[in-house]
Amino acid sequence: MSLATLDTMGGASTGSVTVTEQLNFWAGKRVGGRNRERAEPVFEPATGRVLCQMVPCGAEEVDEAIMSAHSAYVQWSKKAGTERARVMLEAARIIRERREKIAKLEVINNGKSITEALVDIDVSWQCIEYYAGLAGTLAGQHVQLPGGAFAYTRREPLGVCVGIGAWNYPFQIAAWKSAPALACGNAMVFKPSPFTPVTAVILAEIYKEAGVPDGLFCVVQGGAETGSLLCNHPKVAKVSFTGSVPTGKKVMEMSAKSVKQVTLELGGKSPLIIFKDCELGNAVKGALMANFLTQGQVCCNGTRVFVQKDILPQFLEEVVKRTKAIAVGDPLLDGTRMGALITKPQLEKVLGFVSQAKKEGARVLCGGEPFVPTDPKLKGGYFMSPCILDNCRDDMTCVKEEIFGPVMSVLPFDTEEEVIRRANNTTFGLASGVFTRDISRAHRMAENLEAGTCFINNYNISPVEVPFGGYKMSGFGRENGQVTIEYYSQLKTVVVEMGDVEDYF
Ligand SMILES: NC(=O)C1=CN([C@@H]2O[C@H](COP(=O)(O)OP(=O)(O)OC[C@H]3O[C@@H](n4cnc5c(N)ncnc54)[C@H](O)[C@@H]3O)[C@@H](O)[C@H]2O)C=CC1
Ligand SMILES: C[N+](C)(C)CCCC(=O)O
């Protein structure tokens with residue numbers, strides 16, 4: 001799907017698109033995978049049809065991409081921040097102009113609803129626009145020293161950065177990683193998930209069209225092996241990774257060998273805490289936002305929903321009613337609110353969590369079953385009905401492990417002190433949420449919850465201006481917000497003598 005053929009996306013429907021274009025991008029153009037014998041089929045989640053072939057890059061191709069990124073870095077890093085900003089603003093403008101076509105392609109590859117994909121693409125151009133705004137503000141400090149001497153600091157880029165993405169937000173993750181990287185003067189080689197190879201290369205073409213030097217944003221396709229080649233490459237200065245905890249640990253280990261900087265955005269099992277003094281309608285909507293976006297495949301989801309006992313019956317009645325009403329089906333239709341899970345194994349894994357929960361004593365209040373839409377072309381899709389589990393205990397598998405599917409576990413609680421202890425009793429710490437009308441309690445909770453984000457009276461909104469990232473085993477480093485500049489740049493100190501060198505020896 002090149003930019004030219006992206007034009008045909010206007011009339012695209014589920015089950016109608018096959019992608020035959022080359023999916024790698026370096027040295028300013030699309031490149032086909034060389035190891036065609038290792039091609040893996042990529043499926044359209046809503047139909048189960050083969051969408052394209054993903055050919056993983058080998059050592060030679062990874063090396064070519066990194067070398068091309070390095071030569072672009074040499075030019076790009078010499079530009080003033082304001083010059084980089086101009087190019088990035090143009091890229092943001094082009095994405096905004098093509099948002100509907102890119103969103104459609106994202107839906108066909110990922111399975112999420114078009115309503116959500118449009119938001120993802122908007123967040124992507126907003127992120128590039130935001131970091132374009134910051135590019136011109138990068139500056140150092142001037143420090144006076146005795147005798148007229150002085151020092152100054154320069155904020156410099158790191159070099160070639162690697163981005164490794166997950167499949168849940170394919171285009172948005174590529175934007176979240178490349179925008180701050182490019183704003184600071186770095187180049188990036190990005191590897192999408194092998195399940196969602198299609199849209200990152202569109203971003204590469206757009207950056208090129210906007211005027212970045214050839215090679216500045218490269219895309220290499222592949223899975224674990226290609227990812228390892230990137231993490232082990234001596235010319236790479238930093239790796240920013242989004243994905244699971246076990247892979248994140250491997251990325252960190254590999255990066256340690258040549259002391260590369262690392263940002264890790266890993267999984268979560270975040271608590272959403274609903275007090276009896278909340279505005280119940282908003283709390284219910286918040287619980288749905290916290291669990292069912294992107295078919296529940298979101299790292300920061302609030303999947304442990306703690307509800308104060310006094311309001312548990314009302315909460316359950318309302319949340320079950322709303323969940324049953326969620327329109328599951330063809331993700332390209334405007335009325336659909338939940339599409340298909342990413343792969344058949346992922347669907348089976350999630351359904352497995354639901355049966356395990358039943359065995360351990362949870363009660364299924366709704367959903368948790370494979371869903372077969374009436375439209376015949378969707379019969380092979382990976383759909384399931386969104387699920388609410390009641391009667392949950394803290395020691396159940398569904399409450400302890402990241403499910404990455406549309407499954408909400410509801411847990412009753414009595415007191416604030418008790419719920420803080422239980423909410424923090426996890427190795428994860430990505431996000432948390434609290435619904436209450438008591439402002440002191442809300443801020444006390446925000447202080448005491450061990451997580452990188454605490455949402456008060458909402459959940460899962462992620463404006464590009466605010467930092468996003470984890471505590472504990474959910475990772476470290478941040479994406480979005482001003483602070484991310486620090487994760488894509490380094491400080492050089494320049495010390496200047498104005499007099500004679502002291503006669504010391
Ligand atoms: N925190 C988050 O946003 C996400 C969390 N997950 C969690 O991970 C589970 C599995 O999903 P996967 O896509 O298999 O996640 P994963 O962690 O295996 O893969 C994420 C990315 O890392 C790459 N990768 C895999 N092995 C690598 C290695 N040894 N070196 C370098 N790169 C490597 C993959 O190709 C992909 O691009 C999900 O069920 C979910 O629980 C998955 C996606 C996103
Ligand atoms: C956009 N948001 C906040 C729902 C999720 C973004 C984080 C992720 O990659 O899962």
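Being a predicted model, the structure only gives us computed values, none of them experimental. We number each residue from 1, following the sequence as shown. Both ligands and their constituent atoms are indexed starting at 1 by order of listing.
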query = Can you check salt bridge (Lys or Arg N to Asp or Glu O under 4.0 Å) on Glu479 and Lys177, steps first, answer last?
reply = CA-CA 7 Å; Glu479 299 198 287; Lys177 296 194 188 305; 3.0 Å; yes
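Of the candidates Arg96, Arg99, Gln172, Arg99 is the only one forming a side-chain hydrogen bond (donor to acceptor under 3.5 Å, both in side chains) with Asp122.
Under the 3.5 Å distance criterion, the side-chain polar atoms of Asn291 are matched with a main-chain donor or acceptor of Gly302.
Sorted by first then second residue, the salt bridge (charged side-chain N to carboxylate O under 4.0 Å, His left out) pairs that include residues 342-357, not counting sequence neighbours, are Lys344-Glu348.
Side-chain contact, Lys238 with Thr263: a donor N or O sits under 3.5 Å from an acceptor N or O.
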Between ligand 2 and the protein, which N/O pairs are shorter than 3.5 Å?
from	atom 1	to	atom 2	distance (Å)
ligand 2	10 (O)	Asn168	ND2	3.3
ligand 2	10 (O)	Cys299	N	3.3

Check ligand 1 for N or O atoms under 3.5 Å from a protein N or O and list each pair with its distance.
from	atom 1	to	atom 2	distance (Å)
ligand 1	1 (N)	Gly243	O	3.3
ligand 1	1 (N)	Leu266	O	2.9
ligand 1	13 (O)	Trp167	NE1	2.7
ligand 1	17 (O)	Ser244	N	2.8
ligand 1	17 (O)	Ser244	OG	2.6
ligand 1	17 (O)	Thr247	OG1	3.0
ligand 1	18 (O)	Thr247	OG1	3.2
ligand 1	35 (O)	Lys191	NZ	2.8
ligand 1	37 (O)	Gly165	O	2.7
ligand 1	37 (O)	Lys191	NZ	2.8
ligand 1	39 (O)	Lys349	NZ	3.0
ligand 1	41 (O)	Glu402	OE1	3.0

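The neighbour count for Met67 CE, taken as heavy atoms of other residues, nucleotides or ligands under 6.0 Å away, is above 12.
Taking the charged nitrogens against the carboxylate oxygens, Glu106 and Lys101 have no contact shorter than 4.0 Å, which rules out a salt bridge.
Among residues two or more places apart in sequence or in another chain, the side chain to side chain contact (heavy atoms under 4.5 Å, CB included) test is passed with Asn109 by Val42, Leu51, Thr196, Pro197, Val198.
When side chains are defined from C-beta on, Phe353 counts as touching Thr397, because their heavy atoms get closer than 4.5 Å.
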